[in-house]
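One structure below.
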Amino acid sequence: AYVGTGSIVDRQGEELVTRRYTALPEAEPDEVVERVMEDVRHALHQKEDLKVGVVQDGAPEMWNATERGLKKAEVLDWQGTIDRYHLNERLGGVLQLVEPHAGVRKRILSEWNDDLDASDEAVGGIQNWLLEQIDNVKGKDSEEKYLGHLSYLENNQDRMKYQTTRQNGLPIGSGLTEGACKSVVGQRACGSAQRWRPEGLAAALTLRAIHRSDRLPGFWDELSKGYTADIRMAA
């Protein structure tokens with residue numbers, strides 16, 4: 001299932017409140033994005049100078065859907081960021097292809113992370129270092145994978161400005177969304193011997209997302225009106 005989250009954070013990027021959203025795999029990601037955008041618009045209506053940030057992995061499908069949603073919601077000033085954990089997975093993977101010593105890989109990765117925190121231009125330096133190592137993989141089975149990592153960095157370098165992201169008080173990790181995948185979908189719908197039809201799963205996950213977003217009381221006040229009889233005393 002698709003899972004999205006929308007959070008209000010403080011000046012240090014720490015979570016204050018988070019809303020969670022789901023849609024079945026048969027749906028389009030735009031369905032989740034549209035729900036997120038409703039809350040974004042509401043938050044900006046209450047406080048128009050809020051900074052808007054988007055944190056995801058590098059999946060083009062999700063970035064395209066998010067950009068469509070932001071445009072439709074007329075949110076023009078926003079900052080996109082590649083989740084730092086996913087980036088580190090990529091950097092760790094590409095180092096394994098050219099550096100055999102674990103201790104050296106650990107040192108280089110640590111230095112890269114320091115650079116990424118200190119400068120928005122750090123990813124360019126990382127790309128240059130990797131380009132200098134490319135002869136070490138030419139003609140090998142690992143060449144295609146190595147070039148894939150390089151393309152990932154090149155395609156997403158504008159979303160790797162972690163210094164600016166931190167300065168703006170925006171998060172650089174998508175842990176809240178990763179957590180929602182487990183708490184909304186995994187814990188509710190992936191239990192032993194559970195079997196679901198699409199309509200039942202959609203209803204269960206919708207309620208679960210509402211509950212995990214602390215919205216169940218307000219939701220139930222509205223929903224229950226349709227199931228409450230109008231009882232009048234008759235003489």
Side-chain angles (χ1 to χ4, degrees), residues 2-15 28-30 32-34 36-37 39-41 43-44 48-95 97-98 108-134 137 144-178:
Y2 290 107
V3 176
T5 58
S7 298
I8 302 293
V9 301
D10 62 19
R11 294 181 184 275
Q12 286 71 48
E14 297 296 326
E15 171 200 14
E28 295 294 329
D30 299 73
V32 169
V33 172
E34 186 173 349
V36 178
M37 289 304 120
D39 279 331
V40 171
R41 279 194 292 261
L44 289 172
E48 62 182 15
D49 62 343
L50 283 176
K51 293 181 174 64
V52 178
V54 179
V55 188
Q56 302 183 117
D57 63 18
E61 173 192 29
M62 296 309 302
W63 282 106
N64 291 337
T66 301
E67 289 171 5
R68 288 193 296 269
L70 288 162
K71 184 177 180 180
K72 184 176 179 180
E74 299 182 345
V75 179
L76 304 179
D77 185 13
W78 60 279
Q79 182 177 346
T81 302
I82 292 292
D83 170 66
R84 187 66 166 268
Y85 177 81
H86 285 90
L87 174 60
N88 273 326
E89 281 190 322
R90 286 275 185 171
L91 296 179
V94 76
L95 279 172
L97 300 178
V98 293
I108 294 174
L109 187 59
S110 177
E111 291 174 355
W112 283 351
N113 273 285
D114 290 341
D115 292 341
L116 288 165
D117 286 337
S119 172
D120 287 344
E121 309 303 321
V123 66
I126 294 171
Q127 286 178 278
N128 291 335
W129 188 93
L130 293 174
L131 286 170
E132 292 173 0
Q133 312 301 315
I134 202 166
V137 296
E144 183 176 353
K145 184 180 289 186
Y146 193 85
L147 294 176
H149 288 310
L150 278 174
S151 295
Y152 178 88
L153 293 177
E154 182 178 356
N155 293 337
N156 292 288
Q157 60 182 339
D158 289 339
R159 300 170 181 148
M160 297 177 181
K161 298 180 179 180
Y162 298 103
Q163 182 193 34
T164 296
T165 304
R166 289 182 181 277
Q167 287 176 345
N168 286 335
L170 295 171
I172 63 171
S174 60
L176 290 170
T177 306
E178 300 289 342

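Bear in mind that the values here come from a model prediction, so they are computed numbers and not experimental data.
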> Under the side chain to side chain contact (heavy atoms under 4.5 Å, CB included) criterion, do Arg166 and Ile172 qualify, and how do the steps go?
Replying inline: CA-CA 7 Å; Arg166 289 182 181 277; Ile172 63 171; 2.9 Å; yes
> Would you say Ser119's side chain and Glu121's backbone share a donor-acceptor pair under 3.5 angstrom?
Replying inline: yes
> Taking C-beta and beyond as the side chain, do Val123 and Leu87 meet within less than 4.5 Å on heavy atoms?
Replying inline: no
> With no hydrogens and no angle check, is any side-chain donor or acceptor of Tyr162 less than 3.5 Å from a backbone partner on Ile82?
Replying inline: yes
> Can you find a pair of side-chain heavy atoms, one from Arg68 and one from Val33, that are under 4.5 Å apart?
Replying inline: no
> Is the shortest heavy-atom distance from the side chain of Leu170 to the side chain of Thr81 under 4.5 Å?
Replying inline: no
> Taking C-beta and beyond as the side chain, do Asp83 and Thr177 meet within less than 4.5 Å on heavy atoms?
Replying inline: no
> Taking all non-hydrogen atoms of both residues, which atom of Val9 and which atom of Gly169 are closest, and how far apart?
Replying inline: CG2-O, 3.5 Å
> Just wondering, do Trp112 and Leu95 contact through their side chains at under 4.5 Å, heavy atoms?
Replying inline: yes
>> Could you check whether any side-chain N or O of Gln163 sits under 3.5 Å from a backbone N or O of Ala118, counting only pairs where one atom can act as donor and the other as acceptor?
In response: yes
> Salt bridge check: are Asp117 and Arg84 linked by an N-O gap of less than 4.0 Å?
Replying inline: yes
> Within a strict 4.5 Å, meaning less than it, do heavy atoms of the Lys72 and Glu34 side chains meet?
Replying inline: yes
> Got Leu130 and Ile126 here, is their nearest side-chain heavy-atom distance under 4.5 Å?
Replying inline: yes
